[in-house]
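Predicted model only: the values in this text are computed from it and were never measured. Computed over heavy atoms, backbone and side chain alike; hydrogens, waters and symmetry mates excluded. Reminder, nothing fancy here: chain letters follow the sequence lines and each chain counts from 1.
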Amino acid sequence: MLSQNPSASLLQGLNPEQLSAVTWPPQSALVLAGAGSGKTRVLTTRIAWLLQSGQATRYSIMAVTFTNKAAKEMNSRVSQLLHEKDSGEPTRESPILIGTFHGICHRMLRRWNKDAGLPSTFQILDSGDQLALIKRLLKQLNIAEEIIAPRSLQGFINAQKENGLRASQLTAPDPHTQRLIECYAEYDKTCNREGVVDFAELMLRSYEMLQANEILRRHYQNRFNHILVDEFQDTNKLQYAWLKLMAGDTAAVFAVGDDDQSIYRFRGAHVGNMTALMREFNIEEPIKLEQNYRSDGHILAAANAVIENNAERLGKNLRTDAENGDKIRFYTAPIDFDEAQFIIDEAKSLQREGWRLDHMAVLYRSNAQSRIIEQALFAAGIPYKIYGGLRFYERQEIKHALAYLRLAVNPDDDNALLRVINTPPRGIGIRTIENIQAAAAEQGISLWQAACGMGAKAAKVAAFVRLIDSLRAQAPNVSLQEMMLAVTRDSGLVEYYKTQKGDHQDRLDNLDELINAAVAFRPSESNFEILPDNAAESPLFPILAFLSNAALESGENQAGAGEEALQMMTVHAAKGLEFDAVFLTGMEEGLFPSEYSLAERGGLEEERRLMYVAITRAKKRLYISMAQQRLLHGQTHFGIVSRFVEEIPPEVIHRLSPAPQRFNSFTDAPKAKNRIIETYDLPQQYHGFRIGQNVRHAKFGTGVIIDAVDKGDSARLTINFGKEGVKDLDTKFAKLEVV
DNA sequence: ACCGTAGAATTTTTT
DNA sequence: ATTCTACGGT
């Protein structure tokens, strides 16, 4: 049926570099794929080519990504490539294993839960759950939050796991670390007792299982002869070790990545994996994809110039055949909401010229910056869509409902129990809960077991136990949909939100939405069945699959895709995406690069890569903007322009001058109820200068005016020059140029 | 036990 | 500025 020779059309239109990557012999390779160089195309075409040339079967390929979105995209593009040839065949082929690291590990653990030492009903902790568990643990261990901050312990535990290390393998250089290690050990104990697994644990468990179990290891090593990895620069040490284990001595690892786009060091990504891969998998030279098909010349020139300033690079330069195109437009706003208004004006005018709103994006370094832009967009009546922020499955009412569902399959989940034992309020107060906790700790049992043991002593607890018991009894016998209905009804959550004063319609809507999600949920979509002889469907299978799905795919595929809306997201979230026009906002020192990054070694280079990612999102037009004055965390900041902007060659930048009329018009914009806007007045002028303004001095460089005193025929300006310090200068003597 | 209020703490990026 | 925590009143 399938020809042994790949169809010619498959390889058509590939450039020589891409062709070489796609048709690379069955051995390991590292593809350095610059931004917009057709990375996904190479990966998907490689898969199709391997299949069509008979070098691999659908069963012997594994493709690993980081996000569900990327996995989905790869899946659909591969089947598109394959179905082009044999369309009309209704045969259901076995699916190709394409998934995220966490998703694949999760499936393995479900399939081999006994070998992994996990109960069949184990649940996944998202980071919020993890933090809650850690807080609980610290309280139980009598460790004050001032001694060990929950967040820092969370970071410590995750970092260790991402390096593949258990508490027992760690040695402490100091007493404080010693305590952290002890807490880590206790944390793992607690997780085991409760049958819960955090994100990092999914990877580590899977890794340890493969390492310890030769039969399973052999099984997978024999199965896969081609392993393809997307965004390889983002792998952490554990993921790399896991890949090595899966590959064994025989599989070819085809890794695609870009060291210049490595922006996840803070969660353990280890760029060193790229050189390690070359060394350990006998790769002589990386294949470089340097032809960019996305951005116009000026934009690409800016990106190349910025990333040039990084010392630690594997070396790669993007080129394009495209025209130079428009220059980058740089706008300095006097104050943050003027920056927002600038975006609105430009987006509107682009729209008039026929650009699509949903092909424009507003990017920012941190989520906190989105608020003011959102307000302005709302006031101006421009539809927008914010990515990130609170996800559907993170909302409290959803987490409440899911906690009941979790208890129905695994009542020992203390996290879930504590979340809902008195939500909605049913008269079980702190005192009672403390009693249960004490009893549980004393006997070394779960809270659920302790609660059951309270017997007639506490009628209210008994009622709760009956509620959960009834849910447990239903779980194996009814459909997921009925189960979800039972949970929302019997728990009293719906009733609670209905009677609670204040408008909780959105919460009720979300609960309805959750039921809809349960109705629409098809366990097969989570690809459980891909693994061989999957455990015969346990009656709890649909519920387990649904809960896992909720934890692992925390609402990436949000609704509202249909509407034409301006896209708003962090730079991190924008990686892998492209837009006709990009607004890169908040380009101020301390914001981007963030002041946190400057403290750590290599932090600045990571920020610069982030800048590189941001610039290369733009196809046709790039706006860069900053606000000289910005309200942040309730305080006014006077920012100076980001060093990254100054790294862009001036000849590709077109500087836009501030527009005072807009400045005024926003002040009395309709519906501008925001207090910030109401109290704002035009700033006082001091001999042509004003506070917050950016100025350049021949010797001190660029600075920001933070104070000014009028002295009649001149003004004394206090200017913060950043590295050069704060200087007092007189307008009469100092030569200052407004930036 | 619950609820409302005041005060304190917290602010990067997230599979 | 917002969110969480602690406390005191009902």
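When rounded to the nearest whole Å, the span between CG of A:N158 and P of B:dT14 equals 15 Å. Between A:E595 atom CD and B:dT10 atom P there is a gap of 16 Å when expressed in whole angstrom units. For A:I263 and B:dT12, the CD1 to P distance is 16 Å, given to the nearest whole Å. A:I124 places its CD1 atom 20 Å from the P atom of B:dT14, with the value rounded to the nearest Å. When rounded to the nearest whole Å, the span between CZ of A:F464 and C1' of B:dA1 equals 17 Å. Regarding A:L131, its CG atom lies at a distance of 14 Å from the C1' atom of C:dT3, rounded to whole Å. Atom CD of A:E231 and atom C1' of B:dT13 are 15 Å apart (whole Å). In this structure, A:M569 atom CE and B:dT14 atom C1' are separated by 15 Å, rounded to whole Å.
Here the nucleotide nearest the side chain of A:N422, chosen from B:dC2, B:dT12, B:dT14, is B:dC2. Side-chain proximity of A:R371 to the nucleotides B:dT12, B:dA1, C:dT2 is greatest for C:dT2. Comparing atom distances between the A:S366 side chain and each of B:dT13, C:dT2, B:dC2 picks out B:dT13 as nearest. Set against B:dT11, B:dT12, B:dT13, the side chain of A:S594 has B:dT12 as its closest nucleotide. Closest to the side chain of A:L631, from the set C:dA1, B:dT12, B:dT14, is C:dA1. Proximity note for A:P425 (side chain, C-beta onward) versus B:dT12, B:dC2, B:dT14: the nearest is B:dC2. In this structure, of B:dT13, B:dC2, B:dT12, it is B:dT13 that holds the atom nearest to the side chain of A:N367. In this structure, the nucleotide among B:dC2, B:dT13, B:dA1 sitting nearest to the side chain of A:T570 is B:dT13.
Within 4.0 Å (heavy atoms only), A:T432 reaches sugar-phosphate atoms of the nucleic acid but no base atom. A:R265 comes within contact range of no nucleotide atom at all, as no heavy-atom separation falls under 4.0 Å.
For the pair A:G427 and A:Y596, both in contact range of DNA chain B, the more 5′-proximal nearest nucleotide belongs to A:G427. Nearer to the 5' terminus of DNA chain B, by closest-nucleotide assignment, is the contact made by A:K460 (compared with the other of A:K460 and A:E606).
One distance of note links OH of A:Y220 with CD1 of A:I227; it measures 12.0 Å at 0.5 Å rounding.
The base of B:dT13 sits with one of its N or O atoms less than 3.5 Å from a complementary donor or acceptor on the side chain of A:R365.
Using a cutoff of 4.0 Å between basic side-chain nitrogens and carboxylate oxygens, A:D414 and A:R419 are not scored as salt-bridged. Between A:K39 and A:D258, none of the side-chain N atoms (NZ, or NE/NH1/NH2) sits under 4.0 Å from a carboxylate O, so this pair counts as no salt bridge. A salt bridge is defined here as a Lys NZ or Arg NE, NH1 or NH2 lying under 4.0 Å from an Asp or Glu carboxylate O, and A:D260 with A:R609 fails to meet this definition.
Side-chain N/O atoms of A:Q369 and A:S366 include a donor and acceptor closer than 3.5 Å.
For B:dA1, the OP1/OP2 oxygens have no side-chain nitrogen or oxygen of A:R426 closer than 4.0 Å.
The aromatic ring of A:F266 does not sit over the base of B:dT12, since the test of centres under 5.5 Å and planes under 30° is not met.
The same atom, C1', is picked in C:dC4 and in B:dT13; the two are 22 Å apart, to the nearest Å.
The shortest heavy-atom contact between A:Y623 and A:F583 is CD1-CE2, 3.3 Å.
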